[in-house]
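Remarks on the structure that follows.
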Amino acid sequence: MRYVDEFRDGDLARHLAAAIGSEAQGTRRYHLMEFCGGHTHAISRYGLGDLLPPSVHMIHGPGCPVCVLPIGRIDQAIRLALEHRVTLCSYGDCLRVPASLGLSLLKAKAQGADVRMVYAVTDALELARQNSERQVVFLAIGFETTTPPTAVAVQQAAASGLKNFSVLCNHVLTPAAMHAILASPAGVRLDGFIGPAHVSTVIGSRPYEPFARDHGKPVVIAGFEPLDVMQAVLMLVRQINTGRAEVENEFTRAVTPEGNLKAQAIVNEVFELRDGFEWRGLGSLPKSALKLRPRYADFDAEARFGVGYVPVPDNKACECGAILRGEKRPQDCRIFGTACTPDRPVGSCMVSAEGACAAHYTYGRFQGPATTVAREEMQ
Amino acid sequence: MSIDLHHGRVEMNHGSGGRAMAQLIDELFARQFANDYLAQGNDGAMLPAPAGRLVMSTDSHVVSPLFFPGGNIGSLSVHGTVNDVAMMGARPLYLAASFILEEGFPLADLLRIVESMAHAAAGAGVSIVTGDTKVVEKGKGDGVFITTTGVGVVRDGIILSGNLACPGDKVLLSGSIGEHGMAILSQREGLSFDTGIVSDSAPLNGLVEAMLDSGSRLRALRDPTRGGLATTLNELAKQSGVGMRLDEAAIPVCPAVSAACEFLGLDPCYIANEGKLVAICEPQDADRLLAAMRGHPLGQNAAIIGEVVDDRNGFIQMTTRMGGRRILDWLSGEPLPRIC
Ligand code: SF4
């Protein structure tokens with residue numbers, strides 16, 4: 001119970017803000033990317049931008065699992081549900097992501113598909129156990145934090161010889177996305193990263209070392225509480241001011257250089273690297289995502305049902321790609337807040353609370369210039 | 001032979017108008033709700049007409065689980081309608097109650113529900129004067145649905161309406177938020193965690209009387225039920241064509257609710273309440289109103305949480321505990337726990 005208050009202490013925030021304000025040099029710019037949607041959400045929800053000096057610019061990164069999933073991946077899930085008549089389980093946000101033909105998993109459900117919202121992969125596994133006559137497919141998404149539970153579920157399904165459970169695997173890797181960002185024009189301009197704490201508890205801090213060592217970009221791994229973010233900004237400003245580029249850890253509570261070896265071993269036992277995987281905004285990135293190992297092919301929904309991935313371009317008006325690369329801000333999209341809102345999302349960044357557009361719409365749009373583009377322009 | 005209220009179950013004939021139904025009404029409803037109007041035993045209740053303006057409100061209650069820490073669907077169905085009537089500045093007098101029962105529902109559970117309705121009605125000083133019972137086949141209901149309709153009378157000179165908020169007015173809240181919704185959520189299957197959170201379900205008419213007695217010039221009252229504080233404030237702002245500025249640090253939230261919200265990735269401002277109200281009042285009277293609220297047991301933790309401002313966008317803007325600003329927006333979609 002004390003935890004929340006401890007980390008919400010407004011006085012501490014003001015203290016950190018004052019330190020950042022006095023240490024950040026007015027003569028230069030600090031372009032800092034918070035990689036993870038959890039940080040994007042915290043920054044918007046607590047209005048942290050108001051506490052930073054004008055020289056510090058926070059740039060939203062691609063670390064939102066729902067946002068980076070391209071349309072073609074949702075299409076695959078919809079095909080499984082509508083054509084193969086499976087029971088398709090996923091997290092709530094995935095159900096609302098717009099897909100091809102004006103569909104989403106929720107709309108497919110309205111057309112009679114058996115689509116279920118679950119809170120965890122274990123719910124899907126349980127559903128399979130209790131409904132042996134139904135094929136249950138779990139649409140697995142997420143970075144390294146959600147991968148171990150999926151791996152464990154596959155192991156359990158295999159151990160109990162479950163014949164009606166499979167996974168549509170869309171697990172992706174944080175370091176691969178960071179490499180892609182750094183290779184893009186927006187990435188070159190970056191002065192530092194805030195790294196995601198939860199992911200780092202699994203993979204450790206070592207995978208970030210190339211960003212500091214080879215690219216000269218400081219990385220501070222930080223928790224998701226607002227004070228964690230403020231502390232990380234201060235640590236980045238200090239590294240930049242002194243010309244250092246190191247991997248530092250604000251979130252000392254649980255992150256080690258090696259990470260969680262046991263979780264890594266389980267993931268490694270079940271999954272292997274895909275040669276390539278298409279990300280929304282970042283394009284097809286080599287070795288950036290996971291698939292089930294051949295020995296678990298029975299639990300691979302893509303193989304079991306023969307639903308291949310077909311790439312589909314984003315909506316023409318949607319700037320999600322540029323936003324996910326850190327090149328644009330939500331308010332730069334012509335249809336932000338007009339044709340695209342959390343109630344009627346056009347792009348994936350407007351769906352999840354951790355998406356940059358949804359966060360800005362929900363918490364920050366009083367600041368943006370009033371958008372005047374008519375709703376009709378979109379249709 | 002009387003009905004076995006301890007082991008029996010609801011049967012189709014309890015709603016079919018025959019002897020079984022009459023017996024259920026006599027031995028359960030009439031006994032628990034006993035009052036002169038109900039005792040008339042007619043199709044409707046004949047009531048004395050009070051002087052002044054009447055307020056009427058109705059609400060259907062479907063809640064899962066039916067029993068939760070701090071109440072059950074019975075007490076909730078009384079408080080919900082009593083509070084809706086009270087938010088109009090009226091003194092609730094009479095309630096009508098309609099039950100839709102699912103075949104097979106344990107009569108012992110129904111007894112508990114009806115007992116707590118009777119208790120809640122007595123606590124709120126209202127009489128349940130007429131009612132109806134229907135039974136649906138097993139699988140076609142969710143145990144019990146209860147619709148209550150309330151009638152109350154407004155004292156002279158009081159006009160409260162959601163469209164009367166003006167820039168400069170103060171926004172007051174009667175106590176800590178999120179307890180009802182969290183009590184329910186913590187009981188739901190799949191989200192079972194023991195938080196010790198108890199629903200705040202309570203009749204607010206006494207608190208409203210105390211507020212009116214203080215002579216403060218109120219513009220509007222509203223109880224932030226479904227959708228929570230954020231939704232209620234957005235509704236008021238929209239109705240009045242204004243915006244609001246809030247101070248998050250002034251909004252009371254008990255530690256257990258804030259910890260549970262943190263855990264589930266929810267915002268207490270969107271969680272339902274069943275025993276709290278929001279008041280908009282003229283700025284000069286805010287302190288007097290606050291004192292009156294704090295003097296009532298259901299308003300002990302009342303606070304001034306912000307003010308009404310001119311804003312053509314109708315934004316509810318809030319200074320966070322961290323000192324930054326954000327919007328407290330309309331809810332979009334269901335307030336579901338965050339995934340990762
Ligand atoms: S506002 Fe909507 S369409 Fe525009 S970039 Fe954001 S999510 Fe995509």
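Just the heavy atoms: all of them, side chains too, but no hydrogens, waters or symmetry mates, feed the values below. Note on naming: letters A, B, ... go to the chains in the order of the sequence lines (proteins, then strands), and numbering restarts at 1 for each one.
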- Query: Considering only heavy atoms, which portion of A:Tyr361 lies under 4.5 Å from any heavy atom of chain B: side chain, backbone, both, or neither?
  - Reply: both

- Side chain from CB out, backbone as N, CA, C, O: work out which of these in A:Ser44 comes under 4.5 Å of a heavy atom of chain B, or both, or neither. backbone

- Any sub-3.5 Å donor-acceptor pair from A:His41's side-chain atoms to A:Gly355's backbone N or O? no

- So what's closer than 4.5 Å to chain A heavy atoms on B:Asp267: side chain, backbone, both or neither? both

- Note on the structure: Assert top hit (heavy-atom pairs under 4.5 Å, partner chain A, pool B:Thr320, B:Ile327, B:Leu328) equals B:Ile327

Can you confirm whether the side chains of [X] and [Y] place a donor and an acceptor under 3.5 Å from each other?
X        : Y        : value
B:Thr225 : B:Asp223 : no
A:Glu144 : A:Thr174 : yes
A:His198 : A:Thr145 : no

